[in-house]
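Notes follow once the structure below has been shown.
Sequence positions, counted from 1, serve as the residue numbers for this chain. Reckoned from all heavy atoms, side chains included, excluding hydrogens, waters and symmetry mates.
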Amino acid sequence: MSDWSARRLTAFFAAVCEQAGEQAAFTVAAEQAAETLAGEIGAVLRNGLVAAGAGSFSSGAGGFSSGAGSEALGAALAAAGDRPLLHLDGRELHLASARFGPVTLLVARAAEPFASRERQLLQAMAQSLVLALHSRTLTGGGRQRHDALTGLPTRAAFLATLDQRLRTDGPVSVLFVDLDRFKAVNDSLGHPAGDELLGLVAARIRGCLPSDATAARLGSDEFAVLLPDATTDEALPVAYRIVDAIRQPFPVRGHDVFVGAGIGVATASSGTSAGDLLGSADIAMDRAKQAGAGQVVVYAPHMHTEALARLTLDGDLQRAVELGEFRLQYQPLFALATGEATGVEALVRWQSSQRGYVSPGDFVPMAEENGLIRDIGRWVLDTAGEQAVRWRATMPELTLNVNVSGRQLTDPVFAEDVERILARRGLPASAVILELTESVLMSDPRAAIACLSDLKALGVGVSVDDFGTGYSSLSYLRRLPVDELKIDRAFLSRAEPTREDLAVVRAVVDLARTLRLRTVVEGIETEFQRQAVRALGCDLGQGYHLCRPVHPEDVPAAVGINAVAVI
């Protein structure tokens, strides 16, 4: 996101957050959106109905009203449908709209069509509006000052205290604490156990604090700490004490429960708003969670811009699912002994109308984080299954490899989805191989075994992708119902692998033979690599030297003509 957009989005979010109620927030959002994008009309719709706006909506109306103005605008929007033009009072206006959840934010103007960066900014504004309303809901309107479960101040009380402290001189540090694995406690032991755990966590946090500090429960499994007169260097030891304390087991209903925490730290002085300081600590906490368990991260200004960029990426990704912006490419797998193609791996690609090509490394983690990977995964299997049926008409032994995320694996209806899609497309289950990364399988081996058993009952194959990087337990690997190991490309990072590199590959091949599993070597990019892994007895190979990913229409030629010659 450009500096132009980031500055305006920050100002928009701050203006909305300053409002006392939802209706006031909607009105300010409409006004700010219209002003920022030089619009004659700005409006907020909730569940399709006009909730607030700014501008002239009917002849003689000098602004928004709940009467004629609202009705006139609503009728004009209904007539516009999805078109980028709005006809109102005999005028033709260019229209830009952005929906996020139940809220739609729109701007109309006569001057010129909206540029792509303006539409992107409007989408980010819509998301910010919903997030601001959500934060407002968590405060309970300021009526409740203390949390019933923990006895700590609520978010509203904490912000009020922080605001007072920021009116005085001297540094102020805030810690934003978010628990790890709290949902697993609720799911396994029940919500009463989760509530009990929150009370114990609150007590441990209080025990780590100096006498002048204030702790609060912000909501769910999130806590905050106010450290008055504390610099960042003085706040960090407190943060690490909290991490160490929460890492220790909690006695909950006869069980030793292990959780953890990630903490973001932000420091400011007078002149900073309470909401901004807490928000900065929140952004740093997100970074801490991304870095792994038990991390502490200090806020830096560049994190705010990056967080806004992630926010807009999230919105664009949700729209991409609705607009059908995803495509598939396929990379063949070859039998190293014969050079013949045996199957293809489906690879999802995103060609965004706003961003152009977006790397899977950028959008797949986001999709896993926000849950959209389930919808994307179903689309991939359905689309690839339909295409594979056509190819198998002339190559009946061709198999289809499809990647599966951890979110999909833990979805209780995932196996049913797979069965339903295969039945609808008429694709035999034996033709499908589902690929799961080693790290996903090892994160919860018992749950993985249960889910994979359901998939194996359908008759689909299961492959362990990126094998060698996830520190598999061999005892669990023997119990996992898998058919194939894909050896990670990291072991072929050199154009001419060393003896040590090949020793690792040989060990995996020998292990696979013992467990009666197929082996696939990824990342073959030179003839030397192909010859080396073939000599080790690897079954299948995949990589740019054999064949690059191709579009669906090029698959028949890639698997029928471009087979690698056996030397």
Side-chain angles (χ1 to χ4, degrees), residues 1-2 4-17 19 22 25-55 57 64 70 73-74 76-86 88 93-135 307-325 350 352-356 358 363 366-367 370 372:
M1 178 180 287
S2 67
W4 176 87
S5 299
R7 289 195 303 271
R8 282 157 177 77
L9 183 57
T10 300
F12 173 86
F13 187 77
V16 170
C17 287
Q19 305 312 305
E22 182 179 277
F26 281 157
T27 300
V28 168
E31 293 172 348
Q32 289 280 323
E35 179 180 348
T36 300
L37 300 182
E40 299 176 38
I41 292 173
V44 174
L45 281 67
R46 182 162 194 168
N47 295 320
L49 300 177
V50 179
F57 303 121
F64 178 82
S70 175
L73 179 60
L77 289 171
D82 295 328
R83 291 186 294 275
L85 293 175
L86 177 68
L88 185 64
L93 304 175
H94 299 286
L95 178 65
S97 64
R99 181 174 64 84
F100 192 73
V103 172
T104 299
L105 184 61
L106 62 89
V107 177
R109 69 187 182 199
E112 60 184 356
F114 291 88
S116 61
R117 69 168 184 169
E118 292 177 308
R119 293 182 180 274
Q120 183 180 356
L121 176 58
L122 188 65
Q123 180 66 39
M125 285 179 171
Q127 293 173 254
S128 297
L129 174 58
V130 174
L131 291 175
L133 294 174
H134 177 65
S135 297
L308 293 177
R310 281 178 54 81
L311 190 67
T312 59
L313 176 63
D314 187 20
D316 288 349
L317 186 57
Q318 297 202 38
R319 285 184 296 135
V321 174
E322 299 171 1
L323 298 176
E325 293 182 342
W350 178 19
S352 169
S353 59
Q354 302 292 328
R355 300 169 176 267
V358 183
F363 76 83
M366 173 68 73
N370 62 22
L372 286 175

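- Under a 3.5 Å cut-off, the side chain of E31 and the backbone N or O of G42 do not form any donor-acceptor pair.
- Residues A25 and L129 approach most closely at O-CD1, 4.2 Å, considering heavy atoms.
- The shortest non-hydrogen separation linking A98 to A126 is O-CB, 3.7 Å.
- Comment: R355 does not engage E325 in a salt bridge, judged by the lack of any side-chain N to carboxylate O separation of less than 4.0 angstrom.
- Within the 4.5 Å cutoff, no side-chain heavy atoms of L122 are placed close to those of F114.
- Between Q354 atom CD and Q123 atom CD the span is 9.0 Å, to the nearest 0.5 Å.
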* To do: Could you check T104 against V44 for side-chain contact (heavy atoms from CB on, under 4.5 Å), going step by step and ending with a plain yes or no?
  => CA-CA 6 Å; T104 299; V44 174; over 6 Å; no
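- Between R99 and E322, the closest side-chain pair of non-hydrogen atoms falls below 4.5 Å.
- With rounding to the nearest 0.5 Å, the separation of CG in D316 from OG in S353 is 7.5 Å.
- In this structure, the side chain of Q318 does not engage the main chain of G315 through any donor-acceptor pair within 3.5 Å.
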* Given side-chain contact (heavy atoms from CB on, under 4.5 Å), test I41 with L93 step by step and report yes or no. => CA-CA 9 Å; I41 292 173; L93 304 175; 3.8 Å; yes
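- Of all heavy-atom pairs between R119 and L95, the closest is NH2-O, 3.3 Å.
- Counting only heavy atoms from C-beta outward, the side chains of V321 and W350 never approach each other to under 4.5 Å.
- Between G39 and V107, the closest heavy-atom pair is CA-CG1, 3.7 Å.
- Residues L37 and R109 come closest through the heavy atom pair O-NH1, 2.6 Å.
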* **Stepwise side-chain contact (heavy atoms from CB on, under 4.5 Å) check, F12 with L105** => CA-CA 13 Å; F12 173 86; L105 184 61; 4.2 Å; yes
